[in-house]
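Predicted model only: the values in this text are computed from it and were never measured. Proteins come first, then strands; the chains are lettered A, B, ... in the order of their sequence lines, and each starts at number 1. When reading the values below, keep in mind they use all heavy atoms of this one structure, side chains included, and skip hydrogens, waters and symmetry mates.
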Amino acid sequence: MEQYFSEHLLEWYETAKRDLPWRRHRDPYYIWISEIMLQQTRVDTVIPYFHRFIERFPTITDLALAPEEDVLKCWEGLGYYSRARNLQAAAQQVVELHGGQVPSDKAAVSALKGVGPYTAGAILSIAFGQPEPAVDGNVMRVLSRYFLLEDDIMKPATRVRMETLAARLIPEGRAADFNQALMELGALVCTPKSPSCRACPVMEHCQGRLAGVETQLPVKTKAKKPRPEFRLTALVEGTGAEEGRVLVRQRAATGLLARMWELPHVPAVEDQPGEGGGLPDGPAMDRLAAALAAEGTPARPLGPYMEAEHTFSHIHWNLRVFRFQQAEACDASTGLMAAEASAAYEAAGGDNAGGSAERAGAGAAGTAPQPVTRWITREDMAELAFPNVFLRILNQYFDEKEEGEL
DNA sequence: AATACGGGGCA
DNA sequence: TGCCCAGTATT
């Protein structure tokens, strides 16, 4: 039954395999880049990023020497941005330790940043033909159905067991094709919702199918729902020297969306997770104005602009966006000087969660650290990496501004 | 073992 | 609109 599986799967792969950019060469660098991009990400999404990435960073050395912001910009919109940071750190490892060549040694490959058990197996087998298993979600789904395995695939121990099984199934000298065939079957035929069993090369001996339980496999504990977060967001239009520009800030070096750029935003409410974003516009804008002043950019509220939502795996953001106009040091709407507004905001328990400082502020001791900020035009967006939600807001704003709708 | 970490596709 | 998908690092 096992030999049948491997032979028929390989035969099917010969004719069914997709023509993918990283399958056109055997370049270990291309295989590596593609495998990192494919973590948690669909093939169709990855393809344009892959082309852009290898055009911008043709060799490992190019990647190692590039400014980090360039790498992040190239990854913009792809998500899980630590992958990009780890990838560049790993490229530097490869240059320093392995002369710029992807190592073919298992321990060395596994030691690269961002390379875990799956990616190590994929690189070793696909790029170097070594008989290592490469067990991802597709593979676990296929194996759990074919062998009717009811272990919870969310448990790490299950992946280890699947690796043992997958390793045994690799035909002599065929690791590269076999591992890709396994994943290709999961992606094209043995799909999560309604598998195309009639098109499956190994249907005859599929234990899950024979038992009529294929759609109930693999067994998998459900993920928790993302917790909602309500945030007030400021779209501050520059005046005077900054006329025609919008204020953006850079996020902290670690954590969510590390080092990416965003519009300033603060929690709508503190310590009331169930309360939602029900704060009336007036108080909401006052709160935002105080936060902006505290960050060194006093501004006058113009009114509500739009709402936006963004879902991460663990957080659901509800953003209420307000327009502001850059003010002088004395905030006309509150009558407070910037420093007083700042103090008032701090006293009220304000924070700039996620936007905290990358460098200490230039102010006197006791001043809260200031985030790095910039006044940008639409053209400046080409060099700064933004999460999708802010890309949407900024593009809509600049579009409407251009059309004279604002 | 549990949690942090994006974004897209589908019914 | 709501649910599904799922590798690596960190703790």
Exercise for the section: With heavy atoms under 4.0 Å as the rule, sort A:Leu257 into base, sugar-phosphate or nothing. Expected result: sugar-phosphate
Practice task
Please round to the nearest 0.5 Å and tell me the distance separating atom CZ of A:Arg161 and atom OG1 of A:Thr158.
Solution key: 5.0 Å
Fill in the blank from the handout: Those residues at least two apart in sequence (or on a different chain) that pass side-chain contact (heavy atoms from CB on, under 4.5 Å) with A:Lys113 are A:Asn86, A:Ala89, A:Ala90, A:Gln93
Problem - Start and end of chain A contact along DNA chain C [non-hydrogen atoms, under 4.0 Å] - result: C:dC3 to C:dA9
Completion exercise
Within residues 69-88 of chain A, those residues having any heavy atom closer than 4.0 Å to DNA chain B are A:Gly77, A:Leu78, A:Gly79, A:Tyr80, A:Tyr81
Problem - Residues that A:Leu97 engages under side-chain contact (heavy atoms from CB on, under 4.5 Å), provided they are two or more places apart - result: none
Exercise for the section: Would you indicate what A:Ala223 reaches in the nucleic acid, counting non-hydrogen atoms under 4.0 angstrom: base, sugar-phosphate, or nothing? Expected result: base
Handout entry: 5′-ward residue of the pair A:Met260/A:Ser194 relative to DNA chain B
Key = A:Met260
Exercise for the section: Would you give the length of the straight line joining atom NE2 of A:His265 to atom CG of A:Leu232, rounded to the nearest 0.5 angstrom? Expected result: 10.5 Å
Handout entry: A:Leu149 and its side chain to side chain contact (heavy atoms under 4.5 Å, CB included) partner, picked from A:Val219, A:Leu217, A:Leu165
Key = A:Leu165
Practice task
Answer yes or no: does a side-chain N or O of A:His314 lie under 4.0 Å from OP1 or OP2 of B:dC5?
Solution key: yes
Handout entry: Pair A:Tyr49, A:Glu76: side-chain N/O donor-acceptor within cut-off below 3.5 Å
Key = no
Exercise for the section: Going by the side chain to side chain contact (heavy atoms under 4.5 Å, CB included) test, name the single residue among A:Arg374, A:Arg251, A:Glu383 that passes it with A:Trp261. Expected result: A:Arg374
Exercise for the section: Find out whether the Lys NZ or Arg CZ of A:Arg83 is both under 6.0 angstrom from the six-membered ring centre of A:Tyr80 and within 45° of the ring's axis. Expected result: no
Practice task
Let me know the distance between CE of A:Met154 and P of B:dA1, rounded to the nearest Å.
Solution key: 13 Å
Exercise for the section: For DNA chain C, find the residues of residues 105-135 of chain A with a heavy-atom distance under 4.0 Å and give them by number; none if there aren't any. Expected result: A:Lys113, A:Gly114, A:Val115, A:Gly116, A:Pro117, A:Tyr118, A:Thr119
Handout entry: Residue-phosphate contact under 4.0 Å: A:His310 side-chain N/O, B:dG6 OP1/OP2
Key = no
Handout entry: Proximity to DNA chain C (any heavy atom under 4.0 Å), residues of residues 18-56 of chain A only
Key = A:Gln39, A:Gln40
